[in-house]
Amino acid sequence: MIDLRAMLTGEVTVTAAVKLDTRRQLDALKPFFKEEHTRAKQHPLALTTGLSRREAEARRGQWNERKKQMRREGTLIDSFNALVTAGLCQEIDQRGWNSPWDPFPHQARAQGRSPGSPNGVWHEPVTVRLPTDLVNTVYAACWHTSKDARDQLEDWQQRHPKAHPTHSTRHNCTEAERAEFEAIRSRITHRGDIWRAAILRGLHTAYRLQTAAGDAPEPDTPHI
């Protein structure tokens with residue numbers, strides 16, 4: 001199905017499963033988002049007083065593009081979407097994923113848990129809209145960097161069809177076989193891990209900006 005909204009806005013919806021209490025941490029930043037929104041209105045590119053209609057339209061277009069750039073840079077955190085966008089840019093840069101990637105198959109976008117994903121404690125879903133190019137980078141990088149490990153995992157599962165290596169007690173495989181499974185699984189990069197890392201980085205960025213402004217509360221240690 002074609003995502004018409006993504007085509008029009010350049011954004012796609014992503015849902016991340018996170019630890020309980022993450023939503024509270026994010027909701028606590030709503031006053032800060034409002035302050036950032038107000039601060040942005042004072043930016044020189046946001047001011048159109050005294051301009052002709054054509055000049056004002058051009059200025060607003062420039063400002064819209066500049067806001068997108070600032071959100072990616074983490075210098076304007078005026079919404080939850082902006083917070084995660086900044087964090088995702090940092091995560092992609094930290095992983096060295098900024099180079100072009102080969103195309104990825106539609107399976108890379110499959111909903112639900114990816115093969116080999118761990119049984120975590122992520123019970124709270126959060127939904128965010130992110131720039132399409134960043135999301136596509138994550139899909140491509142996760143797919144291509146994990147291909148060999150996914151193939152090995154599939155081979156392991158074919159050799160041990162009755163095994164449940166992630167079950168808390170009934171593994172139906174030897175410790176050596178389970179260790180092999182864990183070693184393979186550790187080499188798979190999961191999309192969910194990237195979304196969670198982006199949220200965590202975004203929280204740290206927001207707290208840093210609050211501290212720089214001199215009005216930061218005493219935040220909980222971010223955990224997702």
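Index from 1, following the sequence.
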Are the side chains of Arg95 and Thr189 in contact, using a 4.5 Å heavy-atom criterion? yes
Checking Glu57, Arg59, Glu55 against Thr48 for side-chain contact (heavy atoms from CB on, under 4.5 Å), the one that qualifies is Arg59
Examine the side chains of Gln94 and Gln90 and answer whether a donor and an acceptor come within less than 3.5 Å of each other.
no
| Do the side chains of Gln62 and Arg66 get nearer than 4.5 Å, heavy atoms only? | no
**Message:** Does Lys30 form a salt bridge (Lys or Arg N to Asp or Glu O under 4.0 Å) with Asp27? I'd like the steps, not just the answer.
**Reply:** CA-CA 5 Å; Lys30 286 182 178 179; Asp27 286 343; 3.7 Å; yes
Could you check whether any side-chain heavy atom of Trp97 comes within less than 4.5 Å of a side-chain heavy atom of Glu91, counting everything from C-beta outward?
no
Grouping ILVMFWY residues whenever side-chain heavy atoms fall under 4.5 Å, the cluster of Trp63 otherwise contains Leu45, Met70, Leu76
### Query
Does Thr174 offer a backbone N or O that forms a donor-acceptor pair with the side chain of Glu177 under 3.5 Å?
yes
Rounded to the nearest 0.5 Å, the CD atom of Gln25 sits from the CG atom of Leu200 at a distance of 8.5 Å
His190 side chain near Asp193 side chain, heavy-atom distance below 4.5 Å:
yes
query = Any side-chain heavy atom of Ile188 sitting closer than 4.5 Å to one from Thr145?
reply = no
Hits for side-chain contact (heavy atoms from CB on, under 4.5 Å) against Asp93, two or more places apart or cross-chain, chain-then-number order -> Asn98
task = Check the angle between the aromatic planes of Trp156 and His160 and answer parallel, tilted or perpendicular using the 30° and 60° thresholds.
result = tilted
Self-check item: Trp195 side chain near Thr15 side chain, heavy-atom distance below 4.5 Å
Solution: no
Note: Ala46 and Lys41 closest approach over all heavy atoms is CB-O, 3.5 Å
What one should report as the nearest heavy-atom pair of Asp102 and His144 is O-NE2, 3.0 Å
The reported gap from CD1 in Ile194 to CG in Leu88 (rounded to nearest 0.5 angstrom) is 8.0 Å
To the nearest 0.5 Å, atom CG of Leu130 lies from atom OG1 of Thr137 at 11.5 Å
(message) What I'd like to find out is whether the side chain of Tyr139 reaches to under 4.5 Å of the side chain of Val12, using heavy atoms alone.
(response) no
**Prompt:** Is it true that the NZ or CZ of Arg129 lies under 6.0 Å from the centre of Phe80's six-membered ring and within 45 degrees of the ring axis?
**Reply:** no
Can the positive tip of Arg150 be found less than 6.0 Å from the middle of the six-membered ring of Trp143, inside 45° of the ring normal?
yes
If only side-chain N and O atoms count, and only distance matters, is there a donor-acceptor pair under 3.5 Å linking Arg72 with Gln69?
no
Tightest non-hydrogen contact, residues Ala82 and Ser79, listed as N-OG, 3.0 Å
**Message:** Between Asp78 and Lys67, does the salt bridge (Lys or Arg N to Asp or Glu O under 4.0 Å) criterion hold? Intermediate values first, please.
**Reply:** CA-CA 10 Å; Asp78 57 346; Lys67 282 191 293 185; over 6 Å; no
ask   = Is there a donor-acceptor contact under 3.5 Å from the side chain of Thr85 to the main chain of Arg71?
value = no
Q.
Using side-chain heavy atoms (C-beta onward) and a distance below 4.5 Å, is Arg159 in contact with Glu180?
A. yes
* More than 12 heavy atoms of other residues, nucleotides or ligands under 6.0 Å from NE2 of His43: is that the case? -> yes
